[in-house]
Trainee: 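Have a look at this one.
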Amino acid sequence: GFEPVQLTDPSETLARFAVRRPYLLYSGRKEQGKNLDLLIDFYSSLSEWSDRPELILIGSGEVSFLEKLPEGVRDLGFVSEEEKGELMRG
């Protein structure tokens, strides 16, 4: 069945993870088969933008195909369904 979700203000979750608006959000497993490497490459190509939003990654797994994340990319790891919803609404 379907249970409606109670929407809450995402401000607390954003503050807890120190996420500032605006931001881009990737939600999913972190593996090359998901083309996350292409997303990160594209995001990195926007480095000339002075007001480029931060790219936030959430989900299981690690970004093992990179030695380190580029500037502006942050991996929050696995988050609860509630936190994921709040980050998506943020």
Side-chain angles (χ1 to χ4, degrees):
F2 175 77
E3 290 187 34
V5 175
Q6 181 69 13
L7 298 180
T8 57
D9 180 7
S11 298
E12 268 187 46
T13 298
L14 296 178
R16 183 171 50 255
F17 289 114
V19 173
R20 293 185 315 263
R21 293 176 176 135
Y23 59 92
L24 303 171
L25 182 67
Y26 170 86
S27 175
R29 286 191 321 270
K30 297 177 205 111
E31 57 187 49
Q32 275 183 298
K34 297 288 187 178
N35 289 325
L36 180 56
D37 54 332
L38 295 177
L39 174 62
I40 291 174
D41 285 346
F42 177 75
Y43 179 83
S44 295
S45 75
L46 304 175
S47 62
E48 294 177 9
W49 288 13
S50 60
D51 58 348
R52 177 177 66 163
E54 189 172 37
L55 174 58
I56 303 295
L57 312 176
I58 59 172
S60 61
E62 294 184 21
V63 187
S64 58
F65 51 88
L66 293 175
E67 285 187 30
K68 70 176 207 167
L69 292 175
E71 183 178 336
V73 179
R74 204 154 43 103
D75 184 4
L76 301 183
F78 183 81
V79 298
S80 71
E81 286 296 315
E82 181 180 335
E83 291 167 330
K84 178 170 71 172
E86 290 173 351
L87 288 164
M88 288 181 173
R89 281 194 308 280

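Basis for what follows: all heavy atoms, side chains included, without hydrogens, waters or symmetry-related copies.
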Trainee: A side-chain contact here means heavy atoms from C-beta on lying under 4.5 Å apart; do Glu12 and Glu86 qualify?
Mentor: no
Trainee: Can you confirm whether Pro70 sits close enough to Ile40 that some side-chain heavy atom of one is under 4.5 Å from a side-chain heavy atom of the other?
Mentor: yes
Trainee: Are Glu31 and Lys34 ion-paired here, with the side-chain N under 4.0 Å from a carboxylate O?
Mentor: no
Trainee: Which ILVMFWY residues can you reach from Phe42 by hopping between side chains whose heavy atoms are under 4.5 Å apart?
Mentor: Leu46, Trp49
Trainee: Under 3.5 Å, side chain of Arg20 to main-chain N/O of Ala15, donor-acceptor pair present?
Mentor: no
Trainee: Same cluster or not: Phe78 versus Phe17, using hydrophobic residues (I, L, V, M, F, W, Y) connected whenever any side-chain heavy atoms lie under 4.5 Å apart?
Mentor: no
Trainee: Starting at NZ of Lys84, measure out to CG of Leu25 and round the result to the nearest 0.5 Å.
Mentor: 9.5 Å
Trainee: Which atom pair, heavy atoms only, marks the closest approach of Gly90 to Tyr23?
Mentor: CA-OH, 3.3 Å
Trainee: May I ask whether Leu24 and Val63 are part of the same hydrophobic cluster, defined by side-chain heavy atoms of I, L, V, M, F, W, Y residues being less than 4.5 angstrom apart, directly or through others?
Mentor: yes
Trainee: What's the shortest heavy-atom distance between Lys30 and Gly77, and which atoms?
Mentor: NZ-CA, 3.7 Å
Trainee: Say whether Leu39 and Ile56 are linked into one hydrophobic cluster, either directly or through other cluster members, by side-chain heavy-atom distances under 4.5 angstrom.
Mentor: no
Trainee: Side chain to side chain donor-acceptor pair (under 3.5 Å): which pairs involve residues 59-68, sequence neighbours left out?
Mentor: none
Trainee: Show your reasoning for whether side-chain contact (heavy atoms from CB on, under 4.5 Å) applies to Leu76 and Leu57.
Mentor: CA-CA 6 Å; Leu76 301 183; Leu57 312 176; over 6 Å; no
Trainee: Regarding Glu71 and Ser47, is there a side-chain donor-to-acceptor distance under 3.5 Å anywhere?
Mentor: no
Trainee: Would you mind reporting whether Ser11 and Arg16 have side-chain heavy atoms less than 4.5 Å apart?
Mentor: no
Trainee: Are Leu14 and Ile58 connected into the same hydrophobic cluster when the rule is that any two of I, L, V, M, F, W, Y join if their side-chain heavy atoms are below 4.5 Å apart?
Mentor: yes
Trainee: With a 4.0 Å cut-off, would you call Arg74 and Glu54 a salt bridge?
Mentor: yes
Trainee: Please say yes or no: joined through hydrophobic side-chain contacts below 4.5 Å, possibly via intermediate residues, are Tyr26 and Leu69 part of one cluster?
Mentor: yes
Trainee: In sequence, state the C-alpha distance, the side-chain angles, and the governing distance for Arg52 and Tyr43, and then conclude on side-chain contact (heavy atoms from CB on, under 4.5 Å).
Mentor: CA-CA 9 Å; Arg52 177 177 66 163; Tyr43 179 83; 3.4 Å; yes
Trainee: With rounding to the nearest 0.5 angstrom, report the OG to CG distance, Ser27 to Leu87.
Mentor: 9.0 Å
Trainee: For the CG atom of Asp9 and the CZ atom of Arg89, what is their distance to the nearest 0.5 Å?
Mentor: 8.5 Å
